[in-house]
Amino acid sequence: MLVYTVRRIIGAIPVLILASILTFVMIDVSGDPLAEVRMAQPPPSPEVLQQAEERLYLDRSMPERYWLWVTGIGGNGDIGLLQGEFGPSTQGPQYDIGSNIAERLWTTLRLIGAAMVFALGLAIISGVISALRQYSKLDYTLTFVGFLALAMPTFWFAGIMQAAGVKFNQLVGEQVFATIGDGRFRAQGEPLWDQFLNAFAHMALPTIVLMLISFASWSRYQRTSMLEVMNSDYVRLARAKGLRNHTVIRRHALRTALIPLTTVVAIGIAGIIDGAILTEVVFQWRGLGDFFITAVDNNDSYALMGWLLLSGVVVILANLIADLLYAVLDPRIRYE
Amino acid sequence: MSENATPGSARRDPAKKVKDSADRTQLQTIMIRFLRHRPAMISLIVLALIALFAFVGPFFWMWDHTVYREIPSNQPPGGVHPLGTSAAGHDVLGQLMRGAQQTLKVAFTVSLLSTIVGSMWGATAGYYGGRVDAFMMRVVDIFLIVPLLVAAAAIAGNTGAGASWYAIALIIAIFSWATIARVVRGVVLSLREQEFVEAARASGASAPWIIIRHLLPNAAGPIIVAATLLVAIAILAEAGMSFLGLGIQLPDISLGQMIGSARTAVSTRPWLFYPPGVLLVLICLTINFIGDGLRDALDPRQTRVRR
């Protein structure tokens, strides 16, 4: 197992390197960070332009710039991923990409984490129910809800939920759901219970929105894999032994049926990151979604590269964890 | 019809043998299976109606998607503007037609491009195997780890591609061909061991010939299914990009962009917010159902894989 773990981690390194090259080349080729400066009226003097180019390392060739971006050797100390620096920003010399990402990471991870936990829990429950009551009205309803959720644009659903939240607040006459912001700036020095309520008020609606799509596809998988297991010989044997239905389902069927879900969840991470951005924009959170939009608006190449690489690392890590979990969970797989 | 056309009498009549599966060609069997898939058939009809609305509708409707001085601003639905008007003076019905048209054009172009590139890539990797396969699939892995919407939005925002729908389609396709490649490679891996491929190789067929003439046609089922489902994925990606303001730009319009600009008016001017969303859901829903029906008809054993 240890050997396998080490081998998988080493195997992830070339993927990571290739991903960083892809990210870098894509962003570097597609945009000119100084486009707006060049177009400015009155036109900037050549000296100013040259200075800006030097600051953003645009006076160097692309391979040099990539090397610089990764290692930071030969730079001004503000670049080099291996040294923990993400590079200079077009949003002024004071704007530090790394600390901005770090500051917002928690906000976004909190949303993604909550959505994943709830989506997973609900998906398992509804998948199992669908499988146990196959072709019942409930199964058809859940199936249709799943299809509907997969067809629903995240941001549209978010807009509906936001409006519904406002309506609900008006109806109750109290601010139950906060429909704007992540609530980061209120929760200081208050009693713990108030902090919790505040966090809940801000988190509830975005979490529901973000979990919907993952819930839909995961519950379909759970249903399929549960059906497969329920029709297998060893479940029939367990029943033949006279075990109680409850025990058969929980101890024998569900445990096996959960295994394929690990891979499916890991694959779904990229989609959840997409959804988180849209959700954050609708609910006006100051998370990584907002960071991304600002970076695109400012042609902030290094910020975009850092962002994309970060999401790539998250996806690679998720897949790695899923692979290892699979090895632990599935007794049929032996890695020696 | 003659008087003895009931099924019972037809079965007894030896001259009029009922067609059974042995008489049908493979294509006929598939067609029949698809026609019997009720959600898929209903979806196909609904989607055809939406396409008609999007592509033929503009010829019959007096307003297009642009601003007109004669159009009063912020009219609720009714009268000469059945779906109301926007603040700037758009007719929402005209916008909806154009939006659906752009959305469908982008999505089907994405699917077509991705399918061509992805199936060639996957088939080549699967056919050669070994190192070639390992390298080519590593490349696929890398395209799969980048979140589709984010990457496409970043490139579109950087290049300012939003002026034309095909540039948006091209960008989305860059990040979505990999799913098709993975599917095709899996199918080709099992196909290439079969006798007919060996026979082709023995008779001196070149590798490109075998891939194009023998392997890809036999992988048509999974490819068609994956391509259909990709249409829905592309629609949601384009809608998300346009919603963020990084997709199709004004004065042109797409459904996602309509939702984006009506975001703050959900309760005050609901006629701007709900119709484009409902239309988007309807398009994606029908395409998913059609994909499901196609899968059941083409290869009943395959399970659906979604990203």
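Treat the numbers as computed from the prediction; the structure is a model and nothing was measured. Order of the sequence lines sets the chain letters (A, B, ...), proteins ahead of strands, with each chain counted from 1.
Between the side chain of B/Asn288 and the main chain of A/Ala151, no donor-acceptor pair closer than 3.5 Å is present. Remark: side-chain polar atoms of A/Trp156 are not paired, donor with acceptor, to backbone N or O of B/Val278 under 3.5 angstrom.
Along residues 96-103 of chain B, no residue comes nearer than 4.5 angstrom to chain A, judged on non-hydrogen atoms. Taking non-hydrogen atoms and a 4.5 Å limit, the residue list of residues 314-321 of chain A in contact with chain B, ordered by number, reads A/Val315, A/Ile316.
Once rounded to the nearest 0.5 Å, the distance linking CG of A/Leu278 with CE of B/Met241 reads 11.5 Å. Residue A/Phe144 holds its CZ atom at 5.5 Å from CG of B/Leu285, rounded to the nearest 0.5 Å. Taking CG of B/Leu244 as the reference point, atom CZ of A/Phe155 lies at 8.0 Å (rounded to 0.5 Å). From B/Leu236, atom CG reaches atom CG of A/Leu150 across 9.0 Å, with rounding to the nearest 0.5 Å. One finds the CZ atom of B/Phe273 at 5.0 Å from the CD1 atom of A/Ile160 (value rounded to the nearest 0.5 Å). Atom CZ of A/Phe292 is separated from atom CG of B/Leu246 by 6.5 Å, given to the nearest 0.5 angstrom.
Put simply, of A/Val282, A/Ile272, A/Leu309, the one with the most heavy-atom pairs under 4.5 Å next to chain B is A/Val282. Heavy-atom pairs under 4.5 Å with chain B peak, among A/Ala158, A/Pro153, A/Pro14, A/Gly289, at A/Pro153. Ranked by heavy-atom pairs under 4.5 Å with chain B, the list A/Met26, A/Gln162, A/Arg220 is led by A/Met26.
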Worked check of side-chain contact (heavy atoms from CB on, under 4.5 Å) between A/Ile277 and B/Leu149 | CA-CA 9 Å; A/Ile277 292 199; B/Leu149 169 66; 5.6 Å; no
Evaluate the criterion side-chain contact (heavy atoms from CB on, under 4.5 Å) for residue pair B/Val146 and A/Thr23; output intermediate values, then yes/no.
-> CA-CA 9 Å; B/Val146 209; A/Thr23 315; 5.9 Å; no
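Heavy atoms closer than 4.5 Å to chain B are found nowhere in A/Ile269, neither backbone nor side chain. With a 4.5 angstrom heavy-atom cutoff, A/Leu22 touches chain B only via side-chain atoms. Contact of A/Ile27 with chain B is made through backbone and side chain together, with heavy-atom distances under 4.5 Å.
Annotation for B/Ile145 and A/Ala19: closest pair CD1-CB, 3.8 Å, computed over non-hydrogen atoms.
With contacts defined as side-chain heavy-atom distances shorter than 4.5 Å, the pair B/Phe243/A/Thr154 does not qualify.
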